[in-house]
Amino acid sequence: MPAPAGAQAGAPQSTRAHVPDVPGVALWQQLGAVAAALQDIMAGRSGTAVLAAVAPEMRPGVQALLYQVLRALGRAQALRSQLAARRPPPPVDALLCTALALGWQEDAAPYPPHTLLHQAVEAAKHHPATRAHAGFLNACLRRFLRERAALVAATDADPLARWNHPPWWVQRLQKDHPQHWQQILQANNAAAPMALRINKQKCTLTQYQQALQAINIEADAVTESALLLRHPVPVHKLPGFEAGLVSVQDAGAQLAAPLLLQGLDLAQSQLQPQLQSLRVLDACAAPGGKTAHLLELAPPGAPLQVTALEVDAARCERIHANLHRLGLQAQVLVADAARPQDWWPQHCAGLPFDAILLDAPCTASGIVRRHPDVRWLRRPGDIDQLAAQQRRLLDALWPLLRPGGRLLYCTCSVFRAEGEDQAQMFLARHKDAQRLPAPGHLLPSGPDNPRTGLDELPYDHDGFFYALFQKTLA
């Protein structure tokens, strides 16, 4: 497997962590927290849950370091195999891999490698599970510093080290995207930009960009409602965030709402003349970004009546919070979209919808830039399991759509089984479905990576799949 042209094998772009200073917190404490988080992730816990358990004052720094570790974990594991004849116990292994991932490439290291070595050993001395192995850790890291060039060269031929993804993931991408798999992996190993969606009911993109410029936050307009920040900032620093002027949402994800609503109006709802609004279902709605975007785009004279479903009650609270911040209203139900009999007759009067958005559960293989733990959490069997769930959802929701209505199927996945293959199988099962123009597979690509050629979006976005279906009238 050749490395990308013009790039050192396994060397992602823009991966140096910006680690916020935390008064009273030593680097060894941060490294210890990062290693503990890494150990939990490798045991199967999500990065989101792991970081939520970190003390709030330490969380930004731990997240910055952890994400850099996860993006270079394959290289670190390969180096560890060079340094240790046997894999050490999990707490020691996590701390060793943390130091190696942060220090293997000196120009991307957040701290001088000697500092990382010293502080990693100090972290080992302060934890009961690693204290007895501090000498082993010190010996491994000192050897690494002495022989770094040779050790790195010895791991260059290892696909795990070169691409920092599990081998099965790389093989799947080679099969699904034989012309573009290298660009996808390279993009995955870079940090994604912070993207904003302007609430056009409350301000214009130009007005908001000017408000950012007034406080020295640089942003580039990429669509009529999307801005990409040149440097991420905490949301509380965004002007008017609490007042609902803006939301954080990837520019690729912002395609969903306009794709679904384009061409829909009350004139198309003649089969339901008693209704004075378009009935829209957001079938897997949490955390509510797409629900809110649908409501923000409500056309004049044709208001939207949006029903947002989410099977998880705790995640439903996030939908409520987002809608409240934006000053928007929707019917939010804790319900399983795959079981319409449990909620459609009672809460929706059994009336068909004009439009359905199915942002289906998936492997999240398209948003690895934002969630670098995903690649290490997924297993090969997850793809088929999730594809089966997506199929059940599509078949359960299609009967709820009126003739002439539209269903938008989307996932944040780059795997064909969750995208194009799923769309083609749906058409084969439903003869009353007509496919309308939609982007299909959007592959992650940033300013430092070449365009994949599969889409024509001239801006940075995550990986998604979009397929739009219309129910025939006959």
Side-chain angles (χ1 to χ4, degrees), residues 1 4 12-13 47 70-71 74 159-160 162-193 195 249-256 259 284 290 358-391 393-394 408-426 438-468:
M1 283 180 273
Q13 303 293 315
L70 291 167
R71 292 182 178 118
L160 182 66
R162 297 177 82 177
W163 302 111
N164 291 294
H165 287 69
W168 71 264
W169 190 300
V170 176
Q171 293 162 10
R172 189 80 184 214
L173 288 180
Q174 288 175 316
K175 175 178 176 289
D176 285 358
H177 304 287
Q179 302 301 316
H180 308 294
W181 63 273
Q182 295 183 30
Q183 292 97 316
I184 298 171
L185 293 170
Q186 187 178 12
N188 283 353
N189 287 330
Q249 187 181 41
D250 180 78
Q254 294 185 38
L255 294 175
L259 267 173
C284 301
K290 295 182 178 68
L358 174 55
D359 184 4
C362 69
T363 57
S365 57
I367 56 173
V368 174
R369 303 187 307 167
R370 300 185 189 279
H371 299 280
D373 57 315
V374 166
R375 72 190 91 178
W376 307 114
L377 292 170
R378 290 296 179 202
R379 299 294 179 264
D382 293 345
I383 299 176
D384 290 341
Q385 180 181 354
L386 285 161
Q389 183 180 3
Q390 295 152 11
R391 185 164 58 250
L393 286 164
L394 281 165
L408 179 65
Y409 169 71
C410 59
T411 64
C412 54
S413 175
V414 296
F415 296 139
R416 284 183 59 93
E418 301 180 284
E420 186 58 34
D421 292 351
Q422 190 73 263
Q424 292 183 14
M425 288 188 296
F426 175 78
H441 279 287
L442 298 177
L443 304 183
S445 182
D448 296 329
N449 300 290
R451 301 302 304 167
T452 62
L454 289 191
D455 65 77
E456 298 179 355
L457 301 182
Y459 51 81
D460 193 319
H461 56 76
D462 288 340
F464 287 93
F465 176 80
Y466 287 105
L468 182 62

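Quick caveat: nothing in here was measured; it's all calculated off a predicted structure. Basis for what follows: all heavy atoms, side chains included, without hydrogens, waters or symmetry-related copies.
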### salt bridge (charged side-chain N to carboxylate O under 4.0 Å, His left out) contacts in which one or both residues fall within residues 379-389, not counting sequence neighbours
R378-D382
### With C284 via side-chain contact (heavy atoms from CB on, under 4.5 Å) - residues at least two apart
L358, P361, L393
## Note on the structure
For A256 and Y466, the nearest pair of non-hydrogen atoms, with its separation, is N-OH, 3.6 Å
### Task
Could you please spell out the steps behind the side-chain contact (heavy atoms from CB on, under 4.5 Å) verdict for D460 and R369?
CA-CA 12 Å; D460 193 319; R369 303 187 307 167; 2.7 Å; yes
### Spatial distance of atom CD (Q249) from atom CG (L255) [nearest 0.5 Å]
9.5 Å
### Step-by-step side-chain contact (heavy atoms from CB on, under 4.5 Å) determination, V414 to D176
CA-CA 8 Å; V414 296; D176 285 358; over 6 Å; no
### Query
In terms of ring plane angle, is the pair H165 and W169 parallel, tilted or perpendicular, where the classes change at 30° and 60°?
tilted
#### Entry: F465: partners by ring pair (Phe, Tyr, Trp, His ring centres under 6.0 Å), with sequence neighbours left out
H441
### Task
Measure the shortest side-chain to side-chain distance between L259 and P439 over non-hydrogen atoms and say whether it is less than 4.5 angstrom.
yes
### Query
Does T411 have any side-chain hydrogen bond (donor to acceptor under 3.5 Å, both in side chains) partners at least two apart in sequence or in another chain, and if so, which?
none
### Message
Between Q183 and L443, does the side-chain contact (heavy atoms from CB on, under 4.5 Å) criterion hold? Intermediate values first, please.
### Response
CA-CA 9 Å; Q183 292 97 316; L443 304 183; over 6 Å; no
#### Entry: Between CZ on residue R162 and CG on residue N164, distance to nearest 0.5 Å
12.0 Å
### Query
For A467 and A438, which heavy atoms make the closest approach, and how far apart are they?
CA-CB, 4.2 Å
### Query
Partners of A195 by side-chain contact (heavy atoms from CB on, under 4.5 Å), sequence neighbours excluded?
L228
### Message
Pairing donors with acceptors under 3.5 angstrom, does anything connect the side chains of Q385 and Q389?
### Response
no
## Note on the structure
Here the gap from L386 atom CG to Q422 atom CD, rounded to the nearest 0.5 Å, amounts to 10.5 Å
#### Entry: Under the side-chain hydrogen bond (donor to acceptor under 3.5 Å, both in side chains) test, residues paired with R416 that sit two or more places apart
D421
### Query
What distance separates N189 CG from I184 CD1, expressed to the nearest 0.5 Å?
12.5 Å
### From CG (D462) to CG (D250), nearest 0.5 Å
3.5 Å
### Query
Listed by chain and number, what are the side-chain contact (heavy atoms from CB on, under 4.5 Å) partners of P167, not counting sequence neighbours?
L160, Q171
### Message
Quick check: closest heavy atoms across A251 and Y459, and the distance to 0.1 Å?
### Response
CB-CE1, 3.5 Å
### Task
List the atom of S413, the atom of E418, and the distance in Å for their closest heavy-atom pair.
OG-OE1, 2.5 Å
### Message
Test of understanding: with side-chain hydrogen bond (donor to acceptor under 3.5 Å, both in side chains), list the residues that count as partners of Q254, not counting sequence neighbours.
### Response
none
### Partners passing side-chain hydrogen bond (donor to acceptor under 3.5 Å, both in side chains) against D373 (at least two apart in sequence or in another chain)
none
### Query
P372 and R71: which non-hydrogen atoms are nearest, and at how many Å?
CB-CG, 4.0 Å
#### Entry: side-chain contact (heavy atoms from CB on, under 4.5 Å) partners for A417, two or more places apart
R172, I383
### CD-CD distance between Q174 and Q182, expressed to the nearest 0.5 angstrom
8.5 Å
### Task
Could you please spell out the steps behind the side-chain contact (heavy atoms from CB on, under 4.5 Å) verdict for D359 and Y409?
CA-CA 6 Å; D359 184 4; Y409 169 71; over 6 Å; no
